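Please read these numbers as outputs of a predicted model, since none were measured by experiment.
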Amino acid sequence: QVQLVESGGGLVQAGGSLRLSCAASGRTFSSYGMGWFRQPPGKEREFVAAISWSGRSTYYADSVKGRFTISRDNAKNTVYLQMNSLKPEDTAVYYCAAERWAVRTAVPDCWGQGTQVTVSS
C-alpha cells in the first residue's frame, strides 16, 4: 500500500490558479489509479478528478470540467491537480486517494491527510 502526502494548497483570489501535488511512497505507484476528492465546509466529501493506473484515462466532476486537469508522473511517484479559473465554491479540503489497478478511483485503498484550498471572492 502507498502512503500519500498532499501539498500546494493555499489562499487564492477568484480567477486564480493553484497546483496541488500528491507524493506517494513505495515502488508500486504505477499500479494505482489516483483520484482527487474534496470536502467543502459543512458538506460531504465529493469526487473531483481521477486518472487511471495507466494514465490513459481521466475523469472529472462536471463542476470542474474544463478548469481542472489531473496528471501523473510515475517517475516521481506524484499526481497533480492543476486548478485554473478558481471560484469561491472550490473552497474545500482537497484529498488525494489511491486505488490499486483502478481506472476511475471509486473505493480508495488509502487517503492523504488533505490540503486546504481557499478561494476568496
Side-chain angles (χ1 to χ4, degrees):
Q1 201 173 48
V2 295
Q3 292 185 323
L4 307 173
V5 178
E6 301 99 332
S7 61
L11 174 63
V12 64
Q13 288 189 328
S17 298
L18 282 176
R19 187 175 81 156
L20 304 184
S21 299
C22 173
S25 65
R27 294 178 290 178
T28 58
F29 175 74
S30 61
S31 68
Y32 280 84
M34 302 297 296
W36 287 96
F37 295 74
R38 67 186 182 187
Q39 187 165 16
K43 296 184 179 181
E44 298 288 318
R45 188 153 52 187
E46 62 186 24
F47 169 78
V48 176
I51 186 166
S52 63
W53 65 271
S54 68
R56 287 196 287 265
S57 300
T58 57
Y59 305 87
Y60 297 94
D62 288 343
S63 58
V64 307
K65 206 170 290 184
R67 300 188 298 122
F68 291 11
T69 302
I70 189 170
S71 61
R72 65 188 298 158
D73 185 339
N74 287 346
K76 295 182 178 180
N77 277 17
T78 301
V79 63
Y80 304 97
L81 185 68
Q82 177 66 44
M83 305 187 294
N84 299 328
S85 302
L86 283 161
K87 304 175 181 179
E89 51 263 44
D90 294 318
T91 295
V93 178
Y94 283 71
Y95 296 91
C96 177
E99 182 178 354
R100 199 85 190 268
W101 302 119
V103 174
R104 175 174 175 163
T105 307
V107 186
D109 299 316
C110 53
W111 295 86
Q113 83 288 351
T115 186
Q116 177 70 47
V117 171
T118 303
V119 184
S120 64
S121 57

Closest non-hydrogen contact found for L81 with A49 is CD1-CB, 4.1 Å
Rounding to 0.5 Å, atoms OG1 (T58) and NZ (K65) come to a distance of 9.5 Å
Side chain to side chain contact (heavy atoms under 4.5 Å, CB included) between L11 and Q116, intermediate numbers included = CA-CA 8 Å; L11 174 63; Q116 177 70 47; over 6 Å; no
Sort and list the pairs that fulfil disulfide bond (SG atoms under 2.5 Å apart) and have at least one residue in residues 64-94, not counting sequence neighbours.
-> none
Would you kindly confirm whether Y95 and I70 end up in one hydrophobic cluster when ILVMFWY residues are joined by side chain heavy atoms under 4.5 Å apart?
-> no
Are V103 and V2 linked, directly or through other ILVMFWY residues, by side chains that come within less than 4.5 angstrom of each other?
-> no
By side-chain hydrogen bond (donor to acceptor under 3.5 Å, both in side chains), which residues pair with R67, not counting sequence neighbours?
-> D90
Would you name the heavy atoms of A14 and S121 that are closest together and state the gap between them?
-> CB-CA, 4.4 Å
E89: partners by salt bridge (charged side-chain N to carboxylate O under 4.0 Å, His left out), with sequence neighbours left out | none
Sort and list the pairs that fulfil ring-ring contact (aromatic ring centres under 6.0 Å, His included) and have at least one residue in residues 34-85, not counting sequence neighbours.
-> F37-F47, F37-W111, W53-W101
Side-chain touch L4/E6, heavy atoms, less than 4.5 angstrom = no
Write out all pairs satisfying disulfide bond (SG atoms under 2.5 Å apart) with one or both partners inside residues 24-63, taking only residues at least two apart or from two chains.
-> none
Can you list every pair that meets salt bridge (Lys or Arg N to Asp or Glu O under 4.0 Å) and has a residue in residues 41-56, with sequence neighbours left out?
-> R38-E46
S85 meets the side-chain hydrogen bond (donor to acceptor under 3.5 Å, both in side chains) criterion, sequence neighbours left out, with none
Return each pair, listed once, that meets disulfide bond (SG atoms under 2.5 Å apart) where at least one residue sits in residues 28-68; pairs must be two or more places apart or across chains.
-> none
Please tabulate, one pair per line, all N/O donor-acceptor pairs under 3.5 Å involving side-chain atoms of residues 16-30, not counting sequence neighbours.
unit_1: S17; atom_1: OG; unit_2: N84; atom_2: OD1; d: 2.9
unit_1: S25; atom_1: OG; unit_2: Q3; atom_2: N; d: 3.0

S71: side-chain hydrogen bond (donor to acceptor under 3.5 Å, both in side chains) partners, not counting sequence neighbours | none
Spacing of OG belonging to S54 relative to CZ belonging to R72, to within rounding of 0.5 Å | 8.0 Å
From T105 OG1 over to E99 CD, what is the distance, rounded to the nearest 0.5 angstrom?
-> 5.5 Å
Please collect all salt bridge (Lys or Arg N to Asp or Glu O under 4.0 Å) contacts where either partner lies in residues 100-121, sequence neighbours excluded, each pair once.
-> none
